[in-house]
Amino acid sequence: MSNESESCWSGNGSVGVLNCLLLAWEDWAGMGNLEDYLSFLEYLLWVFTPLAIVFILPFLIVILIYLSILFLHVYKRKNQLREAYSNNLWDGARKTLATLWDGHGAIWHGYEIHGLDKIPDEGPALIVYYHGAIPIDYYYFLARVIIQKGRTCHSVADHFLFKVPGIKLLLEVFSVIHGPQEECVKALRSGHLLGIAPGGVREALFSDEMYPLVWGKRKGFAQVAIDSKVPIIPMFTQNVREGFRSLGTLKFFRWVYERFRLPIAPVYGGFPVKFRTYLGDPIPYDPKLTAAELAEKVQAAVQALIDRHQKIPGNILRALLERFHTRPKTE
């Protein structure tokens, strides 16, 4: 206890009542240890700031998505009277957003795509890809197809995405469907490109840095290709699991998904790792193949891309360093 405090307690009149009250409050609040408290808080800030950042960065992607939606609403209001009956109402909006997302991919991930010439300039094709924790690589791919091919690739998404508030317009403008086989066949027979990840949400949540394909026995996509008589183009993006990772491998989140079909596993990351998308050789339509046989063949093709272009296990630091040196396209 300080001399001033002793004077207060001894009744010494040399110390004012106000000073005594302030000293008593400091002793009660532990202000004498304020420097220790601040040091402890500084330590906690130093420890938890990196952890907070890796969980905050994924939300920046969500913000970018909603900014895209806001742009579409503004664009719609601006053009709804002048071009209400134009078939190309949304072309300008799609190209603008494609430029935005392509720029984001180039700056943040040094995004590259190899084999884009395998995407036909016209006519249908089914693109089958590996699903990352957040399929941002697929967004970059869609943008690049719009910019370089002048085509809009239709996409299949999980049902839960259509329940996200405010996202309906974005899904409509970029031709996203929830995946009934009849709708997929209709899109392909109309001459469109169609992208699908057979692993879906399950692969997004439960795959990891070992890059296992979580397709189970799914063969609906293969039946769609057979019914539509279109080729299938396999696709994989290098380091997509190092950009974003999921805690879905924890038992609790897996139990919640299996029990309630709620994809609530937290996603962390947003690391500016190198992304390279590789398109494999098209698998032509073969009437002799069954859906199960074709599905197995496509899975093997995607797995071959992973084996060829992805170092296992994936490593975030290595993927970051790849931003600073080039590797052969064929690796």
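Not a single donor-acceptor pair under 3.5 Å links the side chain of H131 to the backbone N or O of E203. Distance alone, capped at 3.5 Å, is enough to place a donor-acceptor pair between the Q238 side chain and the H309 backbone. In this structure, S228 contributes its side chain and V230 its backbone to no donor-acceptor pair below 3.5 Å. A distance-only check finds a donor-acceptor pair linking the side chain of R323 to the backbone of P272 [under 3.5 Å]. The backbone N or O of L161 lies less than 3.5 Å from no partner atom in the side chain of D158, so there is not a single donor-acceptor pair. In this structure, the side chain of E293 engages the main chain of T290 through a donor-acceptor pair within 3.5 Å. No donor-acceptor pair closer than 3.5 Å links the side chain of E209 to the backbone N or O of E242. Side chain of R151 to backbone of G123: a donor-acceptor contact under 3.5 angstrom is found.
Across all non-hydrogen atoms, the minimal contact from V240 to G132 is CG2-CA, 4.1 Å. Heavy atoms only, all atoms of each residue included: P234 and D281 are closest at CD-O, 3.5 Å. The nearest pair of heavy atoms linking G248 to S246 is N-OG, 2.9 Å. Closest approach of L188 to L126, counting heavy atoms only: CD2-N, 4.3 Å.
For K118, the NZ atom counts as densely surrounded, since its 6.0 Å shell holds more than 12 non-hydrogen atoms of other residues, nucleotides or ligands. For K274, the NZ atom counts as densely surrounded, since its 6.0 Å shell holds more than 12 non-hydrogen atoms of other residues, nucleotides or ligands. The 12-atom threshold is exceeded at CD of E183, counting heavy atoms of other residues, nucleotides or ligands nearer than 6.0 Å. Annotation for K95: atom NZ does not count as buried by contact number, only 12 or fewer foreign heavy atoms lying within 6.0 Å.
Within the 4.5 Å cutoff, the side chain of L100 has heavy atoms near those of the L64 side chain. Between K149 and I119, some side-chain heavy-atom pair lies under the 4.5 Å cut-off. Two residues are said to be in side-chain contact when any heavy atoms from C-beta on lie closer than 4.5 Å; H114 and L279 fail this criterion. Between F253 and I264, some side-chain heavy-atom pair lies under the 4.5 Å cut-off. In this structure, the side chains of Y278 and T237 stay at 4.5 Å or more apart for every pair of heavy atoms. A 4.5 Å side-chain heavy-atom check between S207 and R241 finds at least one atom pair inside the cut-off. Proximity of F275 to I136: side-chain heavy atoms (C-beta onward) are separated by under 4.5 Å at one or more points. A heavy-atom distance below 4.5 Å is not found between the side chains of I113 and R276.
M210 and V302 fall within the same hydrophobic cluster, where Ile, Leu, Val, Met, Phe, Trp and Tyr residues are linked whenever their side-chain heavy atoms come under 4.5 Å apart, directly or through other members. Grouping the Ile, Leu, Val, Met, Phe, Trp and Tyr side chains by contacts below 4.5 angstrom, directly or via other members, places L320 apart from I107. V173 and V164 fall within a single hydrophobic cluster, where Ile, Leu, Val, Met, Phe, Trp and Tyr are joined by side-chain heavy atoms under 4.5 Å apart, directly or via other members. Linking Ile, Leu, Val, Met, Phe, Trp and Tyr residues whenever their side-chain heavy atoms come within less than 4.5 Å leaves L250 and V214 in two separate clusters. A single hydrophobic cluster is seen to contain both L116 and I233, as judged by linkage of ILVMFWY side chains at heavy-atom distances under 4.5 Å, directly or through other members.
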Practice prompt. Could you walk me through whether E258 and R202 pass the salt bridge (charged side-chain N to carboxylate O under 4.0 Å, His left out) test, one step at a time?
Written response: CA-CA 10 Å; E258 299 293 357; R202 187 178 295 276; 2.6 Å; yes
Item to complete: Give the intermediate values and the outcome of ring-ring contact (aromatic ring centres under 6.0 Å, His included) for residues Y268 and F244.
Response: CA-CA 6 Å; Y268 67 95; F244 293 92; 9.3 Å; no
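Within the model, atoms CD1 of I65 and CD1 of I134 stand 7.5 Å from one another, a figure rounded to the nearest 0.5 Å. L194 contributes atom CG, which lies 10.5 Å from atom CD1 of I232 (distance to the nearest 0.5 angstrom).
A cation-pi arrangement is present between R254 and F206, with the terminal nitrogen or guanidinium carbon under 6.0 Å from the aromatic centre and inside a 45° cone about the axis. Judged by the 6.0 Å distance and 45° axis criteria, R261 is positioned over the aromatic ring of Y257.
Centroid-to-centroid, the aromatic rings of F221 and W215 come within less than 6.0 Å. For Y129 and F236, the ring centers are positioned 6.0 Å apart or more. W108 has its ring centre no less than 6.0 Å from the ring centre of Y140.
Under the 30°/60° scheme for interplanar angles, the aromatic rings of W101 and Y139 are found to stand perpendicular.
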